[in-house]
S.K.: 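The structure under discussion is supplied below as structure tokens; questions concerning it will follow.
Note that ligands are numbered from 1 as they come in the structure, with each ligand's atoms numbered from 1 the same way.
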Amino acid sequence: MDGGIFVNAAGVPLVAILDRLPPFTGAPIRIEKAPGLRDRRGSVYAGSFLRERRIAFDCSRAEFPRIFVHEVFHFVWLRAGNPVRRSWEKLVKRELVAHARGELGWSAEWRKEALGADDISRRTRRWREYCCESFCDTAAWIYSGVSRHEEFTLATRSRAGRREWFQRAIGGRELQV
Ligand SMILES: [Zn+2]
């Protein structure tokens with residue numbers, strides 16, 4: 001098996017990770033290394049350039065599977081369609097109403113902590129970003145093969161709900177990216 005639609009310009013071991021993921025379909029996505037990667041908030045592990053169809057990353061080998069899956073699911077989210085995105089929103093909204101603590105990655109966690117009641121009811125950009133990041137972090141938790149990580153802090157009951165949602169909405173399907 002090769003890298004499928006992924007153009008592995010970084011020379012990273014992709015095959016083992018792709019074996020755990022659902023199949024993808026779409027135009028090629030380039031994976032490249034970008035030492036010293038930053039965004040407007042400081043240094044970051046990775047960035048997805050959705051229109052340019054590339055993922056740049058700067059992280060350790062140990063962190064790569066989790067980071068890679070997170071970034072690929074940014075492409076999945078973009079093409080998932082409104083019914084799937086709205087269904088995910090409903091799930092994480094229910095968790096918030098039930099005061100579920102923690103997350104499955106720092107990217108979702110700091111956004112969750114910054115949310116106000118208004119963000120949820122008005123579906124602000126902050127809320128929509130949280131929904132997207134929690135979706136990507138959950139995918140990374142499910143598919144990366146990493147079972148324990150200090151950033152996996154979400155309550156057990158919510159983890160089960162997210163796994164079920166992914167099985168229903170994502171599992172076994174060819175994903176458009
Ligand atoms: Zn992200």
S.K.: Per the side chain to side chain contact (heavy atoms under 4.5 Å, CB included) rule, which among Ile5, Leu175, Val177 passes with Phe75?
M.R.: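 Option passing the side chain to side chain contact (heavy atoms under 4.5 Å, CB included) with Phe75: Val177.
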
S.K.: Any N/O/S atom, side chain or main chain, of Cys132 closer to the Zn ion (ligand 1) than 2.8 Å?
M.R.: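 Under 2.8 Å: Cys132 has no N, O or S contact with the Zn ion (ligand 1).
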
S.K.: Just by distance, with hydrogens left out, do Trp165 and Thr138 show a side-chain donor and acceptor under 3.5 Å apart?
M.R.: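 Per modelled atom types, Trp165 and Thr138 side chains form no pair under 3.5 Å.
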
S.K.: Measuring from the Zn ion (ligand 1), name the closest N, O or S atom belonging to Glu133.
M.R.: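 The Glu133 atom nearest to the Zn ion (ligand 1), restricting to N, O or S, is OE1.
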
S.K.: Any side chain to side chain donor-acceptor pair (under 3.5 Å) involving residues 95-104? Give me the pairs, sequence neighbours left out, ordered by first then second residue.
M.R.: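 Listed by first then second residue: Glu95-Arg162, Glu103-Tyr130, Glu103-Arg162.
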
S.K.: Of all the atoms in Glu71, is at least one N, O or S atom closer to the Zn ion (ligand 1) than 2.8 Å?
M.R.: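 Here the distance criterion (N, O or S atom, under 2.8 Å) is not met by Glu71, so no.
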
S.K.: If I consider every N, O or S atom in His70, which one ends up closest to the Zn ion (ligand 1)? I only need its name.
M.R.: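 Of all N, O or S atoms belonging to His70, NE2 is the one nearest the Zn ion (ligand 1).
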
S.K.: With Asp137 as reference, evaluate Glu109, His70, Arg111 under the side chain to side chain contact (heavy atoms under 4.5 Å, CB included) test and give the passing residue.
M.R.: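 That would be His70.
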
S.K.: Under a 3.5 Å threshold, yes or no: a donor from one side chain and an acceptor from the other, between Trp127 and Glu89?
M.R.: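 On atom types as modelled, these side chains qualify, holding a pair under 3.5 Å.
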
S.K.: Kindly confirm whether the Zn ion (ligand 1) is within less than 2.8 Å of some N/O/S atom in Cys136?
M.R.: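 It does not: Cys136 brings no N, O or S atom closer than 2.8 Å to the Zn ion (ligand 1).
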
